[in-house]
Chemist: 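Sharing a structure, written as structure tokens. Questions coming.
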Amino acid sequence: MALVVVRGAIFGEFADHVASEAIIALVVFSGIGWGAGWIIEYVVRDSVEANFRRRVEWYRQGIIDAGLLEDNSAEES
């Protein structure tokens with residue numbers, strides 16, 4: 001938005017024209033930011049969930065190996 005205002009000041013454009021271009025630029029970049037944020041949220045959530053599931057499985061396998069819990073995972077499936 002600031003670049004649009006600076007360009008308008010350099011070329012002597014009218015304020016209403018510069019303002020409308022700045023608003024359009026703001027809307028476009030907010031859409032790009034929303035899309036990038038959505039993608040990053042999905043990737044981070046998927047990564048955290050996968051790490052959590054691996055950690056729980058590792059912990060559960062350790063308990064089974066120690067003989068503190070019976071392995072019933074075959075019956076659950």
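Counting begins at 1 with the first residue of the sequence.
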Chemist: With a 3.5 Å distance limit and no angle check, can you tell me whether S30 reaches the backbone of L26 through a side-chain donor-acceptor pair?
Modeler: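 Present.
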Chemist: Salt bridge check, R45 against E41: does any charged N sit closer than 4.0 Å to a carboxylate O?
Modeler: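 Looking at E41 and R45, the cut-off is met.
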Chemist: Decide whether I63 and W58 are clustered together by the hydrophobic rule: side chain heavy atoms of Ile, Leu, Val, Met, Phe, Trp, Tyr closer than 4.5 Å, transitively.
Modeler: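 Yes; W58 is reachable from I63 via cluster members.
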Chemist: Is there a path of hydrophobic side-chain contacts, each under 4.5 Å between heavy atoms, that joins I32 and I24?
Modeler: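 I32 and I24: one cluster.
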Chemist: Same cluster or not: are I40 and V48 linked, directly or through other Ile, Leu, Val, Met, Phe, Trp or Tyr residues, by side-chain heavy atoms under 4.5 angstrom apart?
Modeler: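 As far as the 4.5 Å side-chain criterion goes, V48 and I40 are connected within one cluster.
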Chemist: Is the shortest side-chain N to carboxylate O distance from R53 to E49 below 4.0 Å?
Modeler: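 Yes, this pair counts.
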Chemist: How long is the straight-line distance from CD of E57 back to CD1 of I64, given to the nearest 0.5 Å?
Modeler: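 One finds 7.0 Å between CD1 of I64 and CD of E57.
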